[in-house]
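Structure first, commentary second.
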Amino acid sequence: MTTTEKHLEPEALEHIEEEIDHALGGEYEHEPVPAKARRSMFSVTMVWMGFPMIITGAMTGSILVLGMGFSSALTAMIIGNLIMLVYVGLLGQLGATKGMNFALLASIVFGRKGYVFASGLLSTLLLGWYAVQTGITGALVSSTYDLNYVVMTLIAGALYIGVTFVGVKGLHLIGMISVPLFVILGLFVVGDAASTTSWDAIMSYPGNNGVATMSMGVGLTVVIALFIDAGTVSADFNRWAKDTKSSWVATFSAFPFANLAAMLVGGIMTAALAVPDANPFGTDNMFGYMNNMQMTWLSVLAFLFLYVNLGSVCAHCLYNAATGWSRILRSHMRLFAVILGAIGIVIAATNVWAFFIQWLSLLGILVPPIGAIILVDQFLVRKNSEIDRDWRGTAFIAWACGSAVAFVVEWYLPHLSTAISAGLVGGVAYYLISTLSGKTATA
């Protein structure tokens with residue numbers, strides 16, 4: 001415990017947090033995870049697999065199929081997830097090799113003071129993602145069972161804070177429950193929906209009301225942006241891996257496996273049922289499908305599944321947000337899990353989830369350059385570098401370039417992928433600026 005931290009927090013609170021860390025395990029907010037604290041390949045894999053295998057992923061698959069038709073949507077899902085595998089896998093490898101969380105890695109690339117902007121932005125965006133997912137939980141429950149939206153959202157948020165408070169062990173445990181439930185119920189929904197038509201009809205489904213309105217570029221952005229923020233801070237999870245092999249296996253379990261599986265559940269269901277003007281955020285999703293079957297036991301199971309499943313993604317997002325902000329403010333992850341979780345619940349109660357697509361667009365503009373710059377810096381420009389200065393201007397200039405181009409693409413070239421444009425331009429700009437300024441080896 002540093003002197004600075006003791007000044008920032010009362011002695012009594014410090015003692016309580018030390019006791020909690022002793023009972024639940026340290027979270028290493030301010031230092032690399034030591035070898036003795038690393039977790040098994042299975043544990044890290046369950047942490048990752050439980051993140052994207054969620055109902056929201058199925059809803060996203062439905063949105064893609066409605067907008068693109070099934071075959072084009074499938075192409076976007078596969079390509080987008082393979083891009084995420086490479087992007088998240090390489091960032092995760094850095095985390096596993098160094099044992100550092102994202103905030104520490106960003107300190108190397110953006111500076112010991114400059115990292116606050118990258119880590120603070122992503123941590124805040126992930127808090128927003130926690131609020132969106134918590135709001136979706138409350139909205140689905142209240143609309144399906146005619147219960148109060150705010151009360152259901154409060155209950156969901158409180159449960160998710162509890163899981164996050166346990167730490168990485170909590171993420172492992174909720175993944176152990178959520179993943180098997182999703183696989184079983186997802187296969188049930190897909191099989192039942194597909195039995196109403198033929199696979200040829202599913203594959204040839206043209207889109208909502210027979211019209212494809214979403215371009216391949218936009219589809220790729222939707223796939224990538226769904227987890228681009230969490231993927232960028234993948235070191236928060238992969239730093240617990242014992243070696244790079246474990247890190248890559250865990251990443252693969254999420255992208256493409258879990259994320260693609262979730263999207264296909266929603267996409268196949270939507271194409272099979274071919275409901276005109278379907279609303280994935282209303283009743284036209286796997287949760288609504290199970291409840292519409294009018295079987296009490298299935299409705300009860302669907303209710304429990306919703307809280308566990310979205311609880312998994314919410315806990316992951318809140319964990320990332322709390323890890324980032326606890327590093328910035330020299331505090332503890334668990335304390336910030338409670339503080340930020342409470343803030344997120346208030347935000348969720350305002351129906352922020354209704355801006356889901358706009359949220360993905362914002363993520364596609366701001367986030368990809370950050371990860372691309374870190375990858376170029378650590379794999380090409382300054383291998384094995386350490387935190388050596390307060391600010392690194394080249395990283396911020398490249399970040400601005402990537403986001404500026406993404407903004408132009410978003411507004412003036414909507415048929416292209418905002419997320420891919422942002423990442424490519426940010427990474428290339430950083431490499432060129434570093435090279436032209438003679439800093440390839442010493443920046």
Phe305 and Phe182 aromatic ring geometry - parallel, tilted or perpendicular at 30°/60° bounds: tilted
Pairing of Asp377 and Arg392 as salt bridge, 4.0 angstrom limit: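 Salt bridge flag = yes for Arg392 with Asp377.
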So do [Y] and [X] actually touch side chain to side chain, heavy atoms under 4.5 Å?
| X | Y | result |
| --- | --- | --- |
| Phe70 | Thr75 | no |
| Leu74 | Met68 | no |
| Phe102 | Ile374 | yes |
| Leu298 | Phe188 | yes |
| Arg239 | Met100 | no |
| Leu181 | Asn309 | no |
| Phe379 | Leu94 | yes |
| Pro52 | Leu260 | no |

Distance (rounded to the nearest 0.5 Å) between [X] [atom1] and [Y] [atom2]:
| X | Y | atom1 | atom2 | answer |
| --- | --- | --- | --- | --- |
| Thr221 | Leu416 | OG1 | CG | 9.0 Å |
| Ser421 | Phe407 | OG | CZ | 14.0 Å |
| Cys317 | Asp229 | SG | CG | 6.0 Å |
| Asn285 | Thr60 | CG | OG1 | 11.5 Å |
| Leu66 | Met214 | CG | CE | 8.5 Å |
| Arg327 | His30 | CZ | NE2 | 7.0 Å |

So, Tyr130 side chain and Gly157 main chain: donor-acceptor pair closer than 3.5 Å or not?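 It does hold such a pair.
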Has the side chain of Arg334 got a donor or acceptor atom that lies under 3.5 Å from a matching backbone atom of Val166?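 It does hold such a pair.
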Between [X] and [Y], what is the shortest heavy-atom contact and its length?
| X | Y | result |
| --- | --- | --- |
| Tyr149 | Ala349 | CE2-O, 3.7 Å |
| Leu91 | Leu105 | O-CD1, 4.4 Å |
| Ser119 | Gly324 | OG-CA, 3.9 Å |
| Ser62 | Thr270 | OG-OG1, 2.8 Å |
| Ala348 | Gly135 | CB-N, 3.7 Å |
| Gly426 | Ile373 | O-CG1, 3.7 Å |

Tell me yes or no: between the side chains of [X] and [Y], is some donor less than 3.5 Å from an acceptor?
| X | Y | answer |
| --- | --- | --- |
| Thr244 | Gln93 | no |
| Asn81 | Asn259 | yes |
| Tyr160 | Thr137 | yes |
| Ser178 | Ser312 | no |
| Asp243 | Ser246 | yes |
| Ser43 | His172 | yes |
| Ser247 | Asn238 | yes |
| Thr323 | Glu29 | no |
| Asp236 | Asn320 | yes |

Pick one: which of Val86, Val88, Leu82 meets side chain to side chain contact (heavy atoms under 4.5 Å, CB included) with Phe255?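 Of the listed residues Val86, Val88, Leu82, the side chain to side chain contact (heavy atoms under 4.5 Å, CB included) partner of Phe255 is Val88.
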Checking Asp192 against Tyr289 for the side chain to side chain donor-acceptor pair (under 3.5 Å) test, could you report, in this order, the C-alpha distance in whole Å, the side-chain angles of both residues, the deciding distance, and whether it holds? CA-CA 10 Å; Asp192 193 73; Tyr289 189 90; 2.4 Å; yes
Which residues satisfy the side-chain contact (heavy atoms from CB on, under 4.5 Å) test with [X], sequence neighbours excluded?
| X | result |
| --- | --- |
| Phe252 | Leu85, Pro256 |
| Ile420 | Ile83, Leu220, Ile224, Ser417, Leu424 |
| Phe117 | Trp391, Phe396, Trp399 |
| Leu147 | Val141, Tyr145, Met152 |

Check the pair Ile63, Phe281 against side chain to side chain contact (heavy atoms under 4.5 Å, CB included), reporting the backbone distance first and the verdict last. CA-CA 9 Å; Ile63 291 171; Phe281 290 96; 3.5 Å; yes
How would you list all residue pairs meeting salt bridge (Lys or Arg N to Asp or Glu O under 4.0 Å) that involve residues 110-125, not counting sequence neighbours?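 Only Arg112-Asp390, Lys113-Asp390 qualify under salt bridge (Lys or Arg N to Asp or Glu O under 4.0 Å).
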Phe51: partners by ring-ring contact (aromatic ring centres under 6.0 Å, His included), with sequence neighbours left out: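 Counting only residues at least two positions away or on another chain, Phe51 forms a ring-ring contact (aromatic ring centres under 6.0 Å, His included) with Trp48, Phe227, Phe237, His316.
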